Amino acid sequence: MNKLTRHVLDGLMLLIGSAVMALSFNLFLIPHKVVPGGVTGISMLLNHVLGTPVGIMTMVLNVPLFIIGIKVLGKSYGIKSLAGMVVSSLLIDFFTYIVPLQSATDDIILACVFGGITLGAGLGLVFKGGGSTGGSDIVGSVLNRVTNLSTGSAILAVDFLIISAAGLVFSNLELSLYGFLNLYLGTRTIDLVLEGVSYTRAVFVVSEKVEELTRIITHGMGRGATLLHGQGAFSHMPKEVIMCVMSKKEIPRLRHMVRSADPKAFLIITDVYEVLGEGFKPRAAS
């Protein structure tokens, strides 16, 4: 894929993601006062108190954050992030004042759930396009540079304060609880968009019956395996660790076969999001 095509695809993902984000606010979150955190969440609170437009206030509040972000994180960080923020903010006000959209549901729980999913999907597309929408992710990145906090922890702390404040501003504690649920769903959806659904599993087996288990995996299941040379931390005795990768549906069979051969085997099964190599199909390029 050449550079021009890559930029075009990134731009499309930014635009589509920004539009999906705006729709999540107009169809689900703003009508039901479910605050998802971030600068847009602060703008929702200001809209309730002062009547200011959510989109315009989001841009105004993001200006100093972008200046700080560019100074601390570099100029390259700011261009796509600025584009994502401007488009999503303008679309929120567009769907509020120019082409008004009605709430998609009267049920606040449905609004919270689908608002979180659509917001996370939109943000995931924006991130995948190499951009950002400003707000707490810039604050999180900056705090990560100047403190010992991880970026994720810093973002979570900022969003926690904003969502908690929503319960006070709206005089309804339940709205904060809905906001936390919305934040969780949005975060999970972002991960799903960026990483995809785990379609395989990696398996690590520590056993005294390495040869028998290796034969079960390679001959009995037709899967390749790799022996890793390890050492017991307590005993300092050499250990052979079997590593293999297989599909989800093969795991129950493997688990049963390993337990039957060696009930004392130490078995680790973990998600794998991409495998490149013989026997596995690669994901579409992102």
Side-chain angles (χ1 to χ4, degrees), residues 13-14 16-45 47-48 54-55 58 81 84-85 87-89 91-92 95-96 101-129 131-141 150-170 172-199 248 271 273 286:
M13 279 191 283
L14 278 168
I16 294 171
S18 298
V20 172
M21 284 178 57
L23 288 172
S24 73
F25 280 101
N26 291 101
L27 294 176
F28 302 109
L29 304 181
I30 294 175
H32 293 278
K33 301 176 181 178
V34 177
V35 174
V39 169
T40 312
I42 296 176
S43 299
M44 287 176 63
L45 300 181
N47 172 261
H48 176 73
V54 174
T58 299
S81 299
M85 182 272 291
V87 172
S88 60
S89 299
L91 285 176
I92 289 174
F95 290 132
T96 300
L101 296 179
Q102 299 298 315
S103 174
T105 177
D106 294 326
D107 190 317
I108 190 171
I109 296 178
L110 288 177
C112 176
V113 171
F114 285 95
I117 292 172
T118 52
L119 180 59
L123 275 169
L125 288 173
V126 171
F127 293 156
K128 206 165 187 179
S132 157
T133 56
S136 53
D137 54 318
I138 290 181
V139 175
S141 298
S150 69
T151 302
S153 297
I155 292 173
L156 188 62
V158 172
D159 286 337
F160 177 83
L161 292 174
I162 295 169
I163 294 171
S164 298
L168 298 175
V169 173
F170 293 124
N172 186 343
L173 179 60
E174 285 189 350
L175 289 177
S176 287
L177 300 179
Y178 286 126
F180 290 126
L181 175 59
N182 179 270
L183 178 64
Y184 172 77
L185 292 171
T187 301
R188 297 297 296 173
T189 306
I190 290 171
D191 290 342
L192 186 63
V193 172
L194 293 179
E195 299 177 358
V197 177
S198 173
Y199 65 106
K248 288 180 181 179
D271 288 336
Y273 290 94
S286 61

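The residues of the chain are indexed from 1 along the displayed sequence. In this text the structure is predicted, and so the values were computed from the model without any measurement.
A pairwise comparison of heavy atoms in M44 and I30 identifies CE-CA, 3.8 Å as the closest pair. Scanning all heavy atoms of the two residues, the minimum distance from N182 to C112 falls at ND2-O, 3.1 Å. Closest approach of S176 and S164 over heavy atoms only: OG-O, 3.4 Å.
When side chains are defined from C-beta on, M13 does not count as touching V126, because their heavy atoms never get closer than 4.5 Å. Within the 4.5 Å cutoff, no side-chain heavy atoms of P31 are placed close to those of Q102. Looking only at side-chain heavy atoms (C-beta outward), V158 and I162 come within less than 4.5 Å of each other. With a 4.5 Å cut-off on side-chain heavy atoms, F25 and P36 count as touching. No side-chain heavy atom of T189 sits under 4.5 Å from any side-chain heavy atom of T118. At least one side-chain heavy atom of L45 sits less than 4.5 Å from a side-chain heavy atom of V35. At least one side-chain heavy atom of L101 sits less than 4.5 Å from a side-chain heavy atom of L23. Put simply, the side chain of L29 reaches to within 4.5 Å of the side chain of L119, judged on heavy atoms.
When the side chain to side chain contact (heavy atoms under 4.5 Å, CB included) test is applied to A104, the partners found at least two apart in sequence or on another chain are L27, F28. Looking at residues two or more places apart in sequence or on another chain, you find a side chain to side chain contact (heavy atoms under 4.5 Å, CB included) between T96 and N26, I92. Partners of S103 under the side chain to side chain donor-acceptor pair (under 3.5 Å) rule, at least two apart in sequence or in another chain, are H32. Considering only residues two or more places apart in sequence or on other chains, E174 meets the side chain to side chain contact (heavy atoms under 4.5 Å, CB included) condition with N172, Y178. For L110, the side chain to side chain contact (heavy atoms under 4.5 Å, CB included) test picks out T105, D107, F114, with sequence neighbours left out. Residues meeting the ring-ring contact (aromatic ring centres under 6.0 Å, His included) test with F95, sequence neighbours left out: none. Checked against ring-ring contact (aromatic ring centres under 6.0 Å, His included), F180 has the following partners two or more places apart in sequence or in another chain: F160. S18 is linked by a side chain to side chain donor-acceptor pair (under 3.5 Å) to nothing, counting only residues two or more places apart in sequence or in another chain.
Atom CG in L14 sits 9.5 Å away from atom CG in L125 (nearest 0.5 Å). Here the CG-CD1 distance, from L185 to I117, works out to 6.0 Å after rounding to the nearest 0.5 Å.
A donor-acceptor pair under 3.5 Å is formed between the side chain of D159 and the backbone N or O of G38.
For the side chain to side chain donor-acceptor pair (under 3.5 Å) condition, the pairs that include at least one residue of residues 33-44, sequence neighbours left out, are S43-T58.
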Query raised in the report: Going through the checks in order, is the side chain to side chain contact (heavy atoms under 4.5 Å, CB included) test met by L181 and L177?
Result: CA-CA 6 Å; L181 175 59; L177 300 179; over 6 Å; no
